[in-house]
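Heads up: numbering here begins at 1 and tracks the sequence. Below, each value reflects all heavy atoms present in this structure, side chains not excepted, and no hydrogens, waters or symmetry copies.
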Amino acid sequence: MTLLLRARARRALAGLLLLTATACTTGPSLENQGEVTAPPGDSKELIVGSAGFTESDLLAQMYALLLERAGYSADIISVTNREIYEPALESGQIDVVPEYAATFADWLNAKANGADAAPVGSPDLAATMKALRALAAPRGLMVLDPGRAVDQNAFAVAASYAKKHGLKTLSDLGRAKLPVRLAAGDECVQRPYCAPGLKKTYGIDIVAVDPKGVGTTQAKQAVQNGQDQMVLTTTTDATLDQFGLVLLEDDKKLQNADYVVPVVNRARAGSAGVRDALGRLNTVLTTADLASMNEQVDSWRRLPEDVARTYLESKKLIPKG
């Protein structure tokens with residue numbers, strides 16, 4: 001597969017550049033979307049969008065390789081702003097993007113019902129998917145089935161700290177009644193999944209939030225050296241071992257169901273062929289697999305395309321070579 005932008009990819013990119021200059025949080029009006037009851041489309045030339053960070057790049061590469069294996073032509077473009085790529089997905093300038101169920105559900109909900117709308121994403125995957133599909137369908141979007149891979153917020157402590165206090169879960173930390181300085185982003189002070197949720201759901205004594213960012217090197221170092229006791233990161237963070245950190249299980253499911261889901265433009269890529277091609281990834285891809293691939297790109301400096309291809313070959317989803 002070549003990643004050089006072919007003609008349609010170049011046209012899509014040009015259209016996105018125009019959108020960059022004019023787009024806001026509202027995409028094409030729903031009344032202009034046309035009927036969504038027509039048979040799903042099956043264009044053989046598809047554009048796969050990436051959100052521009054390592055994991056999204058890897059997923060986009062895997063999607064493109066699987067689609068090409070199924071007989072489609074698939075090119076990739078990177079658009080780092082959801083406010084740009086989601087309207088482009090609605091309009092058919094992009095055909096497929098990797099998304100995260102709860103986050104995308106809440107984003108579409110806010111787009112449809114205002115920034116103050118009550119969240120529809122939740123720890124319940126079935127309820128989250130139902131809400132997401134209901135929000136996506138009127139926009140001409142189809143949300144395919146999630147697999148096992150999930151990229152959720154997660155909390156890590158030093159392995160030595162966990163061993164000393166017998167910690168395996170966030171409930172264990174709550175029961176230990178230890179004062180905890182949490183390395184995280186500024187927003188953690190107010191976000192329900194972060195400091196307030198840790199206190200309410202687990203009874204963890206968060207005495208301060210150290211604003212070092214989510215999963216940054218500085219945040220992990222602060223926990224490594226004992227300045228802080230816990231860090232907010234993600235379930236696909238593959239660098240924890242380098243800092244002597246371990247994740248504590250979210251055993252009461254505070255975090256939302258941010259499972260990886262492909263989202264497609266129904267009129268162009270809603271066919272059984274596309275669904276079957278991308279669905280093959282659901283049988284193998286795990287959270288640990290994603291973390292390992294992220295590490296290969298971020299720490300080992302391998303190219304996302306090479307990592308994605310090697311992974312799919314190892315799982316016998318595409319032929320070697």
Side-chain angles (χ1 to χ4, degrees), residues 1-13 15 33-51 56-79 85-86 88-101 104 129-130 132-149 259-286 289-290 304-305 308-321:
M1 178 187 68
T2 176
L3 295 185
L4 293 175
L5 293 176
R6 293 195 282 259
R8 185 170 174 260
R10 288 196 295 270
R11 290 196 296 272
L13 182 57
Q33 290 289 335
E35 294 293 329
V36 296
T37 55
D42 192 29
S43 173
K44 296 302 180 182
E45 294 185 0
L46 300 175
I47 301 296
V48 180
S50 164
S56 188
D57 288 343
L58 284 162
L59 289 164
Q61 295 284 355
M62 287 189 284
Y63 288 2
L65 287 163
L66 289 169
L67 288 167
E68 292 217 336
R69 172 63 172 160
Y72 295 88
S73 167
D75 288 302
I76 297 171
I77 58 175
S78 182
V79 186
Y85 73 68
E86 190 279 331
L89 185 63
E90 289 187 27
S91 68
Q93 290 170 298
I94 294 176
D95 303 306
V96 185
V97 295
E99 265 292 356
Y100 301 91
F104 196 47
M129 288 296 296
K130 181 178 180 180
L132 173 56
R133 283 170 165 156
L135 287 160
R139 298 184 176 278
L141 305 180
M142 180 182 288
V143 183
L144 306 188
D145 290 340
R148 293 183 287 166
Y259 284 73
V260 174
V261 290
V263 182
V264 304
N265 178 289
R266 185 180 186 276
R268 288 188 49 82
S271 69
V274 171
R275 296 197 304 272
D276 291 346
L278 299 182
R280 298 179 71 198
L281 196 59
N282 291 350
T283 63
V284 297
L285 185 65
T286 66
D289 291 341
L290 266 183
E305 180 184 7
R309 182 181 295 277
T310 299
Y311 177 78
L312 294 181
E313 289 175 349
S314 74
K315 299 298 181 180
K316 297 181 170 52
L317 294 183
I318 62 172
K320 289 188 177 182

**Prompt:** Crowded around K44 NZ? As in, over 12 foreign heavy atoms under 6.0 Å?
**Reply:** yes
**Message:** Tell me whether R266 contacts the main-chain N or O of A137 through its side chain, where contact means a donor paired with an acceptor under 3.5 Å.
**Reply:** no
**Request:** Please step through side chain to side chain contact (heavy atoms under 4.5 Å, CB included) for the pair M142 and R133, ending with a clear verdict.
**Result:** CA-CA 7 Å; M142 180 182 288; R133 283 170 165 156; over 6 Å; no
**Prompt:** Nearest 0.5 Å, what's the CG-CG distance between L65 and L317?
**Reply:** 10.5 Å
**Any V261 side-chain heavy atom under 4.5 Å of F104 side chain** = no
**Nearest heavy-atom neighbours spanning S271 and Y72** = OG-OH, 3.4 Å
**Request:** Please report the shortest heavy-atom distance between P304 and L58, naming the atom on each side.
**Result:** O-CD2, 3.6 Å
**Request:** Decide yes or no on side chain to side chain contact (heavy atoms under 4.5 Å, CB included) for V97 and V48, but give the supporting numbers first.
**Result:** CA-CA 6 Å; V97 295; V48 180; over 6 Å; no
**Request:** Quick one: pull up CG in L312 and CZ in R69 and give me the separation to the nearest 0.5 Å.
**Result:** 11.0 Å
**Message:** Are the side chains of K315 and Y311 in contact, using a 4.5 Å heavy-atom criterion?
**Reply:** yes
**Message:** To the nearest 0.5 Å, what is the distance between CG on L141 and CG on L132?
**Reply:** 9.0 Å
**Message:** Return the CG to OH distance between L144 and Y63, rounded to the nearest 0.5 Å.
**Reply:** 8.0 Å
**Asked** Between CG of L67 and CD1 of I47, what distance do you get to the nearest 0.5 Å?
**Response** 11.0 Å
**Asked** Does a side-chain heavy-atom distance below 4.5 Å link L46 with V274?
**Response** yes
**Message:** Please find the pair of heavy atoms, one from L290 and one from A149, that lie closest to each other, and give the distance.
**Reply:** CD1-CB, 3.9 Å
**Evaluation steps, side chain to side chain donor-acceptor pair (under 3.5 Å), between E45 and S43** = CA-CA 6 Å; E45 294 185 0; S43 173; over 6 Å; no
**Asked** Is R148 close to L285 at the side-chain level, that is, under 4.5 Å between some pair of heavy atoms?
**Response** no
**Prompt:** Under a 4.5 Å cut-off applied to non-hydrogen side-chain atoms, are L59 and S56 in contact?
**Reply:** no
**Prompt:** Which heavy-atom pair separates A136 from V143 by the least distance, and what is that distance?
**Reply:** CB-CG2, 3.8 Å
**Request:** Locate the shortest heavy-atom distance separating V264 from L89; write the atom from each residue and the value.
**Result:** C-CD1, 4.3 Å
**Asked** Hey, does E90 have a side-chain heavy atom less than 4.5 Å from the side chain of N265?
**Response** no
**Request:** Might you work through the salt bridge (charged side-chain N to carboxylate O under 4.0 Å, His left out) test for D42 and R275, ending with a clear yes or no?
**Result:** CA-CA 10 Å; D42 192 29; R275 296 197 304 272; over 6 Å; no
**Request:** With salt bridge (charged side-chain N to carboxylate O under 4.0 Å, His left out) as the test, would you mind laying out the steps for E313 and K320 before giving the verdict?
**Result:** CA-CA 6 Å; E313 289 175 349; K320 289 188 177 182; over 6 Å; no
**Request:** Show the numbers, then the answer: is there a side chain to side chain donor-acceptor pair (under 3.5 Å) between Y85 and E99?
**Result:** CA-CA 11 Å; Y85 73 68; E99 265 292 356; 2.5 Å; yes
**Prompt:** If every non-hydrogen atom of P98 is compared with every non-hydrogen atom of G49, which pair is closest and at what distance?
**Reply:** CD-O, 3.1 Å
**Message:** Is the shortest side-chain heavy-atom distance between V96 and L278 below 4.5 Å?
**Reply:** yes
**Fill in**
CD of Q93 to CD1 of I77, rounded to nearest 0.5 Å, is 8.0 Å
**Request:** Determine whether R309 and I318 make a side-chain contact, defined as any pair of heavy atoms from C-beta on separated by less than 4.5 Å.
**Result:** yes
